[in-house]
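Here the structure comes first, spelled out in structure tokens, and everything after it is commentary.
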Amino acid sequence: MESIALLIAAAMSAGTFLALAALGLLINERAGVVNLGAEGMMLVAAVAGYATAFHTGSDTLAFAAGMAAGALLAGLFGLLVIWLNTNQYAAGLALSLFGAGFSAFVGLGYTQEKLSPRLSHQIPVLADIPFIGPAFFKHHPLVYGTIALTFGLAWFLYRSRSGLILRAVGESPESAHALGYPVRRLRLAAVMAGGALCGLAGAYVSVIYTPLWVEGMIAGKGWIALALTTFATWRPARVLLGAYLFGFVTMLQFYLQGQGMQIASQFLSMLPYLATITVLVLISSNANFIRANMPASLGKPFFPGS
């Protein structure tokens with residue numbers, strides 16, 4: 001039972017940064033913008049967060065640096081696709097490639113550096129409950145913050161006037177513009193907010209999840225986060241559940257290896273990506289279901305006055 005509790009805990013930790021990045025991308029897409037640069041933003045934020053943690057010893061400053069890096073890159077992306085109307089898919093791919101190369105260059109001096117020992121976190125009393133305690137109540141505060149953020153974002157999108165306006169910008173930017181809303185500025189704000197969450201996810205990976213810097217350490221998780229938004233049909237709560245599911249699949253390989261199962265390590269390593277492809281194929285098979293849930297103007301440029 002203890003090993004299962006540890007597997008659940010590891011799945012929650014692994015799912016946290018996926019959920020953060022996917023929630024950020026969900027905000028982008030609810031505003032009608034597709035950002036394929038999550039991988040690059042997370043990598044740059046990871047090295048920014050790690051460098052800040054190394055020099056200051058502060059996790060809080062490291063998270064802030066990661067969020068700033070993610071928001072800055074997202075802002076540049078937003079200027080290109082929102083004001084200059086460049087192709088969103090091409091610009092996103094370019095951002096992803098740029099982030100991979102830039103982070104590798106900047107991080108050269110940190111590959112051999114180590115952070116100070118990480119503090120352990122737990123909720124008093126609850127952490128001592130057999131099975132439940134180790135599984136759910138011995139996590140970094142950001143794990144619980146991500147859960148709170150999920151429900152807060154759901155409330156914002158579906159219960160607040162600002163959330164209604166954001167969704168209107170994603171569904172029908174022409175109508176929102178006709179009502180006097182600054183569509184481009186709202187989209188840029190959404191893109192930068194989403195970038196900040198992707199940055200927070202990247203900093204969490206390098207500072208808390210695996211406290212080290214290695215070139216390309218995000219290892220495709222940005223693409224999984226992008227797939228999660230479709231998997232969750234653009235719903236925050238489903239994003240969180242999907243992130244934990246993918247986190248479980250990711251950690252299952254280590255659990256099975258620990259149990260001595262004779263399965264090729266290469267097969268176990270590809271499980272998260274195989275699960276991602278399988279889920280996308282199953283969901284995409286129902287085109288009507290996708291169209292009914294996705295923002296109507298997703299990926300389309302907006303031309304004021306058109």
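R118 CZ: more than 12 foreign heavy atoms inside a 6.0 Å radius. Within 6.0 Å of the CD atom in Q122, the count of heavy atoms belonging to other residues, nucleotides or ligands exceeds 12. Other residues, nucleotides and ligands contribute only 12 or fewer heavy atoms inside 6.0 Å of the CZ atom of F105. Summarising the local packing, CZ of F102 is surrounded by 12 or fewer heavy atoms from other residues, nucleotides or ligands at distances under 6.0 Å.
The same ILVMFWY cluster, assembled from side-chain heavy atoms under 4.5 Å apart, contains both I4 and F137. The hydrophobic cluster containing F77 also contains L79, counting ILVMFWY residues as joined when their side-chain heavy atoms lie under 4.5 angstrom apart, directly or transitively. By the criterion of side-chain heavy atoms lying less than 4.5 angstrom apart, applied directly or through intervening Ile, Leu, Val, Met, Phe, Trp or Tyr residues, F136 is grouped together with Y144 in one hydrophobic cluster. F156 and L164 sit in two unconnected hydrophobic clusters of ILVMFWY residues. Membership requires side-chain heavy atoms under 4.5 Å apart, directly or through other members. Residues V106 and F98 fall within the same hydrophobic cluster, defined by Ile, Leu, Val, Met, Phe, Trp and Tyr side chains chained together at heavy-atom separations under 4.5 Å.
A pairwise comparison of heavy atoms in F17 and A14 identifies CE2-O, 3.3 Å as the closest pair. For the pair N35 and G92, the tightest heavy-atom approach, listed with the atom from each and the gap, is OD1-CA, 4.2 Å. Nearest heavy atom pair, residue P134 against residue A9, reads O-CB, 3.4 Å. Nearest heavy-atom pair across T150 and P236 is CG2-O, 3.2 Å. Residue I27 comes nearest to A190 through the heavy atom pair CG2-O, 3.6 Å, listed as atom of the first residue, atom of the second, then distance. Residues A31 and L166 come closest through the heavy atom pair CB-CD1, 3.6 Å.
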- Given L153 and L26, is the side-chain contact (heavy atoms from CB on, under 4.5 Å) satisfied, shown in steps? CA-CA 10 Å; L153 182 58; L26 184 145; 4.2 Å; yes
- Message: Test side-chain contact (heavy atoms from CB on, under 4.5 Å) on Y110 and H55; report intermediate values, then the result.
- Response: CA-CA 11 Å; Y110 295 99; H55 290 293; 2.8 Å; yes
- Task: Give the C-alpha distance, both sets of side-chain angles, the deciding distance and a yes or no for side-chain contact (heavy atoms from CB on, under 4.5 Å) between V44 and L72.
- Result: CA-CA 10 Å; V44 173; L72 176 61; over 6 Å; no
- Give the intermediate values and the outcome of side-chain contact (heavy atoms from CB on, under 4.5 Å) for residues L142 and L20. CA-CA 10 Å; L142 192 55; L20 284 170; 4.0 Å; yes
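Contact of the F231 side chain with the R238 side chain is not registered, since no non-hydrogen atoms from C-beta on lie closer than 4.5 Å. Side-chain atoms of M41 and L197, non-hydrogen and from C-beta on, never get closer than 4.5 Å to each other. Looking at S58 and T52, their side chains never come closer than 4.5 Å, going by heavy atoms from C-beta outward. Between V169 and R187, the closest side-chain pair of non-hydrogen atoms falls below 4.5 Å.
Formation of a donor-acceptor pair under 3.5 Å by the T16 side chain with backbone atoms of V143 is not found in this model. With hydrogens and angles ignored, the 3.5 Å screen pairs a side-chain donor or acceptor of E39 with a backbone N or O of G220. Looking only at distances, no side-chain donor or acceptor of E215 sits under 3.5 Å from a matching main-chain atom of A104.
If you check the side chains of S13 and Y204, you find a donor sitting under 3.5 Å from an acceptor. Judged by distance alone, the side chains of E113 and W213 never bring a donor and an acceptor atom under 3.5 Å apart.
The CG atom of L115 lies 8.0 Å from the CG atom of D59; values are rounded to the nearest 0.5 Å. Between the CE atom of M217 and the CE atom of M42 there is a distance of 10.0 Å, given to the nearest 0.5 Å. The line from CD1 of I8 to CE of M251 is 13.0 Å long, rounded to the nearest 0.5 Å. L240 contributes atom CG, which lies 11.0 Å from atom CG of L18 (distance to the nearest 0.5 angstrom). Atom CG of L228 sits about 12.0 Å away from atom NZ of K221, to the nearest 0.5 Å. Separating the NE2 atom in H177 from the CG atom in L186 is a distance of 12.0 Å, to the nearest 0.5 Å.
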Under 3.5 Å, side-chain donor or acceptor atoms of residues 205-212 against the rest of the protein: list the pairs with distances, not counting sequence neighbours.
{"residue": "S206", "atom": "OG", "partner": "A46", "partner atom": "O", "Å": "2.7"}
{"residue": "S206", "atom": "OG", "partner": "A203", "partner atom": "O", "Å": "3.4"}
{"residue": "T210", "atom": "OG1", "partner": "V205", "partner atom": "O", "Å": "3.1"}

